Amino acid sequence: MNPYYSILTKAEDTGNLSAGEIKNLLDPPSSKEENELFKAADRVRQYYMGDEIWLRGIIEFSNKCSRNCIYCGLRAQNTKKWRYEMTVDEIVNTSKLIASLEIGTVVLQSGEYRSCPLEKLKTVIKRIKEIDLAITLSIGEYPRDIYRELKQAGADRFLLRHETADPDLYEELHPGYKIKDRINALKILKEEGYEVGCGFMVGLPGQTLDILAKDVLLCKDIEADMVGIGPFIPHPDTILKDEKQGDFQMTLRLLAAIRLVCRDVHLPATTAMATIDEFGREKAWQAGANVVMPTATPKPYRQAYELYPDKKCLEDSVEHCRGCLEMRILSVGRKVGIGQGGSYKKKKK
Ligand code: 5AD
Ligand code: SF4
């Protein structure tokens with residue numbers, strides 16, 4: 001048998017691959033093999049996750065950030081940025097709008113503060129819990145007691161991308177921070193009872209296939225409930241402004257590899273994928289993805305939440321996106337998930 005297909009069959013049947021085998025999977029000899037990779041991931045997605053595509057409404061409630069990730073437009077040292085923070089009422093009202101559109105999850109995302117705005121977040125979480133919505137936080141690294149208090153207030157899930165599994169590359173991208181602390185934070189979140197999401201960027205300067213294979217294996221090791229990946233997109237206000245953007249097909253192959261190796265995780269077709277390819281979301285849903293996260297952040301805040309430039313759907317209201325996404329979901333023969341769409345881990349083995 002074509003050696004590519006024997007690895008692909010093993011991946012589809014067992015999900016147990018070595019780093020070397022994942023590397024091979026990410027480097028198909030031709031587009032024929034690449035298509036078979038996507039089809040295998042689509043079958044595994046169908047078996048473990050069914051045909052629903054889950055919507056998560058994101059509220060980027062603040063673009064303040066104390067960190068300096070070298071790729072990001074919101075880095076603290078970017079003084080060109082107008083910094084905002086939505087009020088409790090603005091966040092709760094936007095959550096009500098999300099619920100009224102039959103979207104079952106709100107994701108509260110921000111930059112990472114020097115110290116967590118704990119009391120405000122607890123108030124927001126308690127008020128959102130009066131509506132029937134699952135709450136996902138995406139607010140960065142904090143000590144265990146903060147995570148615990150936010151969980152007790154009613155938060156359900158937590159997204160904390162690991163960004164890259166390679167210790168040296170991690171330190172280059174995040175001066176002063178270490179991957180082991182990031183992984184430890186993910187472990188703590190699990191221990192505190194959150195459903196957790198990790199994830200990484202594809203096409204970072206200095207990233208190799210070896211590193212990407214480690215990224216996939218790390219997602220499995222962490223036993224993540226969700227994995228978010230997207231291409232790196234250079235931001236003009238950063239020192240990486242002249243670097244190449246991540247490759248779309250490689251991002252798609254990584255999605256497929258994560259589906260094959262991690263089996264029952266939630267995998268979003270990310271806005272970054274839609275930004276670099278007109279049909280990025282549809283292609284992602286046909287290569288293993290089963291989630292999409294429309295932005296519900298109101299104007300004028302959403303324009304100022306610029307992690308990377310030219311974000312897709314920036315001018316479209318969440319009401320518009322709800323309709324547009326449903327059409328796109330139906331166009332690939334899938335259906336909109338109704339409800340909260342929590343973790344599928346261990347539902348079906
Ligand atoms: N290109 C693509 N993704 C980026 N992120 C931050 N900056 C960029 C960029 N320039 C991603 C990071 C972060 C998430 C919120 O956005 O992975 O975790
Ligand atoms: Fe801040 Fe997140 Fe951007 Fe890093 S990626 S600078 S933590 S907003």
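Start at 1 and go down the list; that is how both ligands and their atoms are numbered. Because the structure is a prediction, the values reported are computed rather than measured.
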Can the ring centres of Y71 and H174 be said to be less than 6.0 Å apart? yes
Just grab all the salt bridge (Lys or Arg N to Asp or Glu O under 4.0 Å) pairs involving residues 5-14, residues at least two apart or on different chains. K10-E21, E12-R43
Could you check whether atom 5 (S) of ligand 2 has a protein contact, counting only heavy atoms that fall below 4.0 angstrom? yes
Going by chain and residue number, what protein N/O/S atoms come nearer than 2.8 Å to atom 4 (Fe) of ligand 2? C69 SG
salt_bridge(E36, K39) N-O dist < 4.0 Å: yes
Among residues at least two apart in sequence or on other chains, which ones pass ring pair (Phe, Tyr, Trp, His ring centres under 6.0 Å) with Y308? none
Is a side-chain donor or acceptor of S31 paired with a backbone partner of E34 at a separation under 3.5 angstrom? no
Under the side-chain contact (heavy atoms from CB on, under 4.5 Å) test against L204, which residue among I70, L240, L173 passes? L173
Lys/Arg-Asp/Glu bridge criterion (N-O < 4.0 Å) met for K311, E306: no
Quick test of your reading of the model: are K345 and E223 salt-bridged, counting only N-O distances below 4.0 Å? no
Quick one, list the residues around ligand 1 where some non-hydrogen atom comes in under 4.0 Å, by chain and residue number. Y71, C72, Q109, R161, E163, M201, P231, F232, I233, L307, Y308
Given side chains that start at C-beta, do those of L137 and Y194 come closer than 4.5 Å, heavy atoms only? yes
Is the centre of the H162 ring less than 6.0 Å from the centre of the F200 ring? yes
